[in-house]
Every structure is written in C-alpha cells, then in structure tokens.
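Side chains are part of it too, since the values below use all heavy atoms of this structure and drop only hydrogens, waters and symmetry mates. In the text below, chain A, chain B and the rest are named by the order of the sequence lines, each starting its count at 1.
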Amino acid sequence: MSQVIVVTSGKGGVGKTTSAAAIAAGLAMKGKKVCVIDFDVGLRNLDLIMGVERRVVFDFINVINDGIRLNQALIKDKRVEGLYILPTSQTRDKDALSREGVERVIEELRQDFDYVICDSPAGIEKGAYMALYFADEAIVVTNPEVSSVRDSDRILGILNSKSRRAEKGEPPMKQHLLLTRYDLDRVARGEMLKLEDVLEILAIPVLGVIPQDDLVLQCSNLGMPVVLEPKSIAGQAYMDAVRRLVGETVELRFTTPPKKSFVNWLLRRTA
Amino acid sequence: MERPATVTTAPDPRPAPFQLRGSVQTLLSLRLIAPADPDLFPLLRDKIAYNPDFYRDAPVIIDVAPVADSAPIDLEGFAAELRRLRLVPVGLQNGGPAWQAAARSAGLAVLAAGGRPATGNASVRPELVRGRPSVPQPRGAGLVIAEPVRGGQQVHCPNGDLTVLAPVSHGAELVAAGHIHVYGPLRGRAFAGANGDERAMIFCDQLEAELVSIAGVYLVSEDVDPRLRGRRVRVWCDSERLSIGPVP
C-alpha cells in the first residue's frame, strides 16, 4: 500500500527540504521504493540538495502541463537504489500546479512507489495546499522557537480542514512532529524551547528530534542527503525517524546533553 | 403513535409568494453616550478590529437613551460612517420625537424601547424586564469539539454552549452564543455570549488566552492578573466589566 507523505512547516528555513531529502533517502536505504517531489515551483532546491541539478531535463510542471511522461522527468539517484527525484521548474510559478494535474501525477506514482514524499514550499499559499492536499501522512518540521511552533500549529489546522481526507470526511491524516536544529546547549541555557514545551503546544506524536549538526550544511552544499554521512549525528537521528516511520520502535536519542565526562571537558578546552 | 393535532383546510389553489411572520433576533446595539466625541469612530474601529468576523455586516441598532434629551445628531451621516466600518445600521431606539423624526428621514426604523433597559429610562416597563429571565431562550445542545483547535481556525456555535475537549491554540477563535468550556489550555481568543448574553461565561482548565470576551466586553491577555495565568478559571461579566476567578 503506497503512502503519500507531505513534509511541511508553514515557516520557511526550518529544514523542510533537508528533511524531505534525508527521509526519502533513508526510506530507500531501508529497501523501499521512494519518489520525492519538489512542490516549491519557481524556487527549486530539492534537486540541489539531492545533488541532481545537472541531470534535470524535464520537471514536475512539464509532466502536469506539457504532456511529458512521468518517467522522462523522474531522476534516479545514483547512490541509493530505489530513490527517485521529481524536480520542479525554476521558471514557472505556483499557478502552474493544477489540482487535477497534481492528482494525476500522484496517482500514477502510487502505482509504482512505496512512498511518495511531497516537499512543501513555505507559507500557506497554493504550493503548500497542493503539496498537502493528497497526503495520507504529514511530517511537520518545526524548530524549537516560538514563531516556528505557531506556524506549525497553523499548518496542523490546515491539514485537518483543507486536505482531501478532511474534505471527503475520511479518517484524518496521520501527523508527526519532526523537531529539527535541536541545539542541546542552547536548550539547556533556556535560549530555545524544550521538546516538552513544543509537544505541549502541538500535541502530536514525535517522529524524531534532529540535533544541531554542522555536517547538515556541509552535506547540503555537497548535494548529499545527510543520512548518507555516517558520522553525522543528525543523519543518525534522521535514520531513527525513518525507522519509526516504517513502524519500528526506536528510542529517542540526542534529546539530553551528553554526560559531562572528564575527557569531554578536556576536548572542549583544547578545541 | 400519537399524531399532532392538525387543522385541515381546503388546499390552497396556489402557494402564497411570501409568508409574513414575527421573529425574534438578537441585535447589536450601539449606545451613544457622547456622539460628538471625535474619538468615537476611531475607538469603535479598534473595538471591531478585535473580532472583525463577528462584526462584519452585523445589523446594529443605535440606542440614544443617554442622549435622548439633547438635540438629534446628523443620523444620515452617522449611519454612513457606520456602514464604512461594515456595520449595517437598521434602526433607532429610545429616542424622543425629534430623534425619531431624524431616524425616519435617515431611513432607519424606529424601534420600541427594548433590549437591555437603559438606566433611568421610564419607557421600559419593569414587569417586562423582570419577566424575561423566566422565559428560557431556545438553546440547542450546542457544540462539542474533541480535536485541538489550531491557530487560524474558528469555531462558531450560534446556539448554546461550546465545549472543547482539547487545547485551543494561539490564534484560534471560539465564538459561542452561550458559555464556552475548554477542558485544556485556552491560548487563543474566546467570545462567549456573542449575541449579547451577559450571563454567558468562559471556563477553562488553563488560562493563557490572548483575549476573552463576554457579550462584547473584552479583556486582553496583558490586562489579565498574572497570578491567574495558567490557572483553572471562570470568566464572567459583571456590569460591563469582566471578572476572572479561580475555579476549584
């Protein structure tokens, strides 16, 4: 049974595309067949983060509007078996996304793929609506700060009222919280919201907590999903999230500061 | 099975094109205390801005009880100003003959004194006022919401009480004709007694509301006693003022 998952947040710059890329790659590493779609028409980033921008010939918008076949536009990832990217257009805008066109593409992808990941643009405009409308599950990406939490709350309201499932009165969309850029030191100093604070407001189950990790930026500059970097703790946390997504029980890691050992203290002093 | 008593008449040769019936509506009334005050419309605009959806295109009665003895103002201009705020002035209440004439020429209906009795207004018959609470208003069972109410969502309960069994987020709005109960944190805005019922109350497990309002009288978060924040409270209206008190 194919699952359509939207990765969304409301607020921009919280790590939606990074998360969509990491989760798609992680699912593929677990042996699933995955397609990740960029809904941010006009500001395409997903193909950059996935490192396939030089292989884009046709895109999502061409498939919707110009009679291009889906497999002409799908880009196969060379690193992970079973991972495909459907990039978006740089030259068009969100109006090029028609509901019928998006539905046709998603229904076609459902036939072939275990997971269809929709990378939503920021905001609550048409692009974001189209990305979430056909989804069965939602991953709400949130940073531990007040404005991001408020926007995620707003998006949860939209998921519950404006999606196809809501409009048709079907069972509600499954919603997961993915808390990213969780900086333990800053949380400990009270500069960032704690996981518990975020949960108290959003009240949805946690899919994962991704610790602040400088390797995330390095990987995205290299065009590599962070799960492919075994040294990255963010990558490990994303893999944990992927395991939870496919139904495994994995304990939360990286949510409490590491024990202050003498060696760590020494390392910090010399660093 | 018992059938309701009916009166049979010969079937009408053709259905009437209309039915004229009496109906009871609760309307907003705008009581003029100092109509010449230049701040009247700016202040009114601010009030509306707190809940524009509630006030948009709302019919309004102009209640002139406090100024009934002074000369009528330019009601035509006043009504135009109200329409500019997207209110719909429909009538005038509690005015003497001069006010009533001004209302007629401004195209406003002249209503008998009613609604809330104006203080010191002899035209309100006390037995009517006393009689009112004993007549129960028709109220449905109201609305029960079991899902969290998220920011940007609005729940409107035009009849009866609104009960929410989940958190109400910042930026969410609850509007009810009767009481509002929130079994969880109330972080958004709550408008109880939205049709003007001052007996309505707001109850919540955890008061973190941005704004609470009963029958149009409101209190913003900043004006709430900090000792009551996060507490289990009841909000009620006490002669044009909101009071908040803890609930055991």
Side-chain angles (χ1 to χ4, degrees), chain A residues 6 8-12 14 120 122-126 128-129 132 135 138-163 165-177 193-206, chain B residues 49-54 143-158 162-176 180-191 203-212 220-222 224 226 228-233:
Chain A
V6 59
T8 187
S9 71
K11 193 173 188 303
V14 296
S120 171
I124 48 173
E125 275 75 50
K126 190 173 182 189
Y129 275 107
L132 67 84
I139 296 175
V140 178
V141 183
T142 307
N143 286 170
E145 49 140 332
V146 174
S147 59
S148 174
V149 174
R150 294 276 175 100
D151 289 1
S152 294
D153 185 77
R154 179 91 169 90
I155 277 289
L156 286 168
I158 291 170
L159 292 169
N160 285 336
S161 58
K162 299 285 166 63
S163 61
R165 279 171 173 266
E167 284 181 4
K168 299 230 158 135
E170 293 169 18
M173 205 185 283
K174 215 163 155 188
Q175 297 160 343
H176 313 273
L177 173 68
L193 296 178
K194 289 200 295 287
L195 172 64
E196 298 79 63
D197 300 335
V198 177
L199 281 177
E200 201 195 311
I201 294 174
L202 296 181
I204 55 168
V206 185
Chain B
Y50 273 106
N51 193 6
D53 292 333
F54 176 66
L143 195 59
V144 179
I145 305 281
E147 298 290 307
V149 186
R150 304 287 184 180
Q153 290 188 314
Q154 212 184 21
V155 181
H156 189 226
C157 177
L162 172 60
T163 308
V164 182
L165 306 171
V168 178
S169 296
H170 296 282
E173 279 186 6
L174 307 178
V175 184
I180 293 178
H181 304 264
V182 180
Y183 296 95
L186 169 58
R187 303 190 173 103
R189 300 166 164 213
F191 300 86
F203 305 85
C204 65
D205 274 351
Q206 203 176 319
L207 178 73
E208 289 167 33
E210 293 165 353
L211 183 148
V212 286
V220 293
S221 156
E222 214 178 57
V224 173
L228 290 165
R229 299 202 119 253
R231 298 278 302 275
R232 215 166 113 85
V233 300

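Heavy atoms of B/Gln206 lying under 4.5 Å from chain A belong exclusively to its side chain. Both the backbone and the side chain of A/Arg154 come within contact range of chain B, each with at least one heavy atom under 4.5 Å from a heavy atom of that chain.
Taking each heavy atom of B/Arg150 and A/Ile201 in turn, the nearest pair found is NH1-O, 3.8 Å.
Annotation: A/Lys194, atom NZ; neighbour count of heavy atoms from other residues, nucleotides and ligands within 6.0 Å does not exceed 12. Within 6.0 Å of the CD atom in A/Glu196, the count of heavy atoms belonging to other residues, nucleotides or ligands exceeds 12.
Here A/Arg150 contributes atom CZ and B/Arg187 contributes atom CZ; the two are 9.0 Å apart, rounded to the nearest 0.5 Å.
Chosen from A/Leu202, A/Ile158, A/Ile124, the residue pairing most often with chain B at heavy-atom distances under 4.5 Å is A/Leu202.
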